[in-house]
Protein chains: 2
Amino acid sequence: MVTIQDVARAAGVSAMTVSHVINDHPHVKTETRARVLQAITDLDYRVNVAARNLRTGRTGTIGLAVPEVDRPYYGQLAAEIITAAARHNLKVAIEQTGASREGELDALALSRNRLYDGLILSTVGLGPADTDLLKVDYPMVILGERIFDGPVDHVAMPNVEGARAATAHLIERGCRRVVLIDGGPPGDEVDVSSLRYDGYREALAEAGIPLDPRLLVHIDGLTMEQGAAAARRVSESGVEFDGAFCVTDTVAMGALRGFADAGVRVPQDVKVIGFDNIAEGAYIVPSLSSIDPDHALMASTAVRFLVGRLAEKGKKRQVAREFISRFTVVARESTGG
Amino acid sequence: MVTIQDVARAAGVSAMTVSHVINDHPHVKTETRARVLQAITDLDYRVNVAARNLRTGRTGTIGLAVPEVDRPYYGQLAAEIITAAARHNLKVAIEQTGASREGELDALALSRNRLYDGLILSTVGLGPADTDLLKVDYPMVILGERIFDGPVDHVAMPNVEGARAATAHLIERGCRRVVLIDGGPPGDEVDVSSLRYDGYREALAEAGIPLDPRLLVHIDGLTMEQGAAAARRVSESGVEFDGAFCVTDTVAMGALRGFADAGVRVPQDVKVIGFDNIAEGAYIVPSLSSIDPDHALMASTAVRFLVGRLAEKGKKRQVAREFISRFTVVARESTGG
DNA sequence: TTGTAAGCGTTATCAC
DNA sequence: GTGATAACGCTTACAA
């Protein structure tokens, strides 16, 4: 392994001078710099990041903890974050939490191992009750649901507003009996499902449509499989409906399949809208209407918040910031174009 | 920051004893161990991975370089690899190469920074000409196309055989004029497209069907967008066809949209099959027939190869191994069920 | 069974 | 402009 000492010897300087060159410090004679760079090239020297990290406390890598990388939404989010982080010369290591509270706590603990300079945590399992656990001593940004009065920076989706707009969009298109396929009965957790359920309720109330509990379909996990099963179930239940708001696009893709299985036509018999605007939605048949929360903006904001924290170092810490993304309604074939 | 010294002081032992406890070394009195563990809990001590890494040369993290994490295929592959790596107590850091030769070379170089113990590189841009570049001095496994006589371990898909089976499946279902949507004219690179083109040709030859160049549709990138455009193009070209083999499922999903746009019905007018068996394929309408290369097996094999290399340390290096995965044809609605 | 000493490769500090 | 020294937190080798 080639070390900084080897380079120094080859260039006829001290290790410190090599270090100065590597780190772009001023006050190095142009000629010396050239000699050092030449030696670095000749020997194919690479800095040992671990050693640098030990000395500086920085790794140049941030952690990104998401429920599952194979769900399109998180894959697309991860890609955006990698892109945004690269602009700050940061690398991203992705952790999977398995969408569980335990997995998210693990991610919190792991980052204490100082492998990463900071952590972007996409929560689904942690709730307001876990506020204390978020008081970590390293830079962190929460990406996801709103945690009331959380002590950390927070980038959230416009969940309630987006869900209200999605439901209102269905109503505008003539739906009066809108099924909600979501992740379970509202509990005390502030999770995606209950927030989006709030939006759904608000939109119905605004339109003067009474909420019919038989139109609330709860599923166990936000997967295509569960979405498909839910759509089949409601189709065979005998309950009348003419619209469906699915809590995520992944669930909606499953629901489209479930309706097809049940012989229910989209959008003629039922209009369907999801939430997230994943890339696949524009290509499936029928293409999927959705709420687009501007992932790129969320990703770049999360990274910007984290970079801000990284820079705080000695200075006193700023108060926790919150950013709620904007959204647009994307009308496609599944709601009639 | 709590260090091993702090723990030692609190437990009334030396740092070495703490180290022994942390690393599960035997020869520590039960009572001493308990005292140390108590101190660790009390102080909320975490090992500094960078320091350990500097000393041991191990990080406990492997790198995974894939073209793009937001393509379903790679997302699902990454999830499998994370799962397989976790069984060996290894974490996975994901890099994006952007599907370019440069990006892949960057990934190769980055791992020299010793951030990772080893690298799983999913190649699409590197070819046999780059064999020399793969002679790196750290554990590496190539995941993807076959690189002739490569000097590294290699886990490959059954590209030619799978493509042949996919095409044969269309022929079995009655297709005689099978469109191939692939990534470009076969060059000297051994890439997915040219390998799968070989399989396509073989299947046609076996069935005694002459190859019609007008049925070869080349696209610029293996995306849904390109797939959709290709399907529209061939539909409007006036060329007759009754089947389509798309080089990946992502391209096939795009093609399904393109055919729908052009008023071509699947599977009545054209039967469509992809390659990769991504999860979405089972849910879209019509569901997508595909070649399943057993991702889980590929992922676990890649990790196993890498773990084997990690263990080599002092011993002499074994010869490079090669594993070609098996495959199955998954017949769904897009080829008539 | 526990502890001492040394060093992994780098950089902050400060002297020259 | 350049370099000597020490230190980051940990573990290997060996001593007690």
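What you are looking at is a predicted structure, and each value in this text was computed from that prediction instead of being measured. Chain letters run A, B, ... following the sequence lines, proteins first, then strands; residues in each count from 1.
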To the nearest angstrom, how far is [X] atom [atom1] from [N] atom [atom2]?
| X | N | atom1 | atom2 | result |
| --- | --- | --- | --- | --- |
| B:Ile22 | D:dT12 | CD1 | P | 12 Å |
| B:Ile40 | D:dC10 | CD1 | C1' | 13 Å |
| A:Arg33 | D:dT2 | CZ | P | 9 Å |
| A:His25 | C:dT10 | NE2 | P | 14 Å |
| A:Asp6 | C:dG9 | CG | P | 9 Å |
| B:Ile4 | C:dT2 | CD1 | C1' | 14 Å |
| A:His20 | C:dG9 | NE2 | C1' | 16 Å |
| B:Arg35 | C:dT1 | CZ | P | 14 Å |

message = B:Tyr74 vs B:Gln96, test: side chain to side chain donor-acceptor pair (under 3.5 Å). Steps then yes/no.
response = CA-CA 10 Å; B:Tyr74 292 112; B:Gln96 280 200 128; over 6 Å; no
Which nucleotide in [options] has an atom nearest any side-chain atom of [X]:
| X | options | value |
| --- | --- | --- |
| B:Leu54 | C:dT10, D:dG9, D:dG1 | D:dG9 |
| B:His27 | D:dC10, C:dA12, C:dT1 | C:dT1 |
| B:Met16 | C:dT10, D:dT2, D:dT11 | D:dT11 |
| A:Thr17 | D:dG9, D:dC10, D:dT2 | D:dT2 |
| A:Ser14 | D:dC10, D:dA4, C:dG9 | D:dA4 |
| A:Thr56 | D:dC10, C:dT10, C:dT11 | C:dT11 |
| A:Arg55 | D:dT2, D:dC10, C:dT10 | C:dT10 |
| B:Lys29 | C:dT1, D:dA4, D:dC10 | C:dT1 |

ask   = C:dT11 phosphate, OP1 or OP2: any side-chain N/O from A:Asn23 under 4.0 angstrom?
value =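 Answer is yes, contact under 4.0 Å.
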request  = Please state whether the phosphate of D:dT11, meaning OP1 or OP2, lies under 4.0 angstrom from any side-chain nitrogen or oxygen of B:Ser19.
outcome  =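 Result: yes.
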query = For DNA chain C, whose closest nucleotide is more 5', that of A:Thr3 or that of B:Thr32?
reply =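 The residue whose closest nucleotide sits nearer the 5' end is B:Thr32.
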inquiry  = Determine whether the aromatic ring centres of residues B:Phe305 and B:His154 are separated by less than 6.0 angstrom.
reply    =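 No, too far apart.
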query = Are the side chain of B:Asn23 and the backbone of B:Ser19 linked by a donor-acceptor contact shorter than 3.5 Å?
reply =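 Yes, B:Asn23 side chain to B:Ser19 backbone: donor-acceptor pair under 3.5 Å.
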request  = Output yes when B:Arg101 and B:Glu104 qualify as a salt bridge under the 4.0 Å nitrogen-oxygen rule, no when they do not.
outcome  =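 Not counted as a salt bridge, because no side-chain N and carboxylate O are separated by less than 4.0 Å.
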ask   = With nearest nucleotides of DNA chain D determined for A:Val28 and B:Arg52 from heavy-atom distances, which residue corresponds to the more 5′ nucleotide?
value =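 Nearer the 5' end of the strand: A:Val28.
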task = Looking only at non-hydrogen atoms, find the nearest pair between A:Val155 and A:Met298 and report the distance.
result =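 Heavy atoms only, the tightest pair is CG1-O, 3.8 Å.
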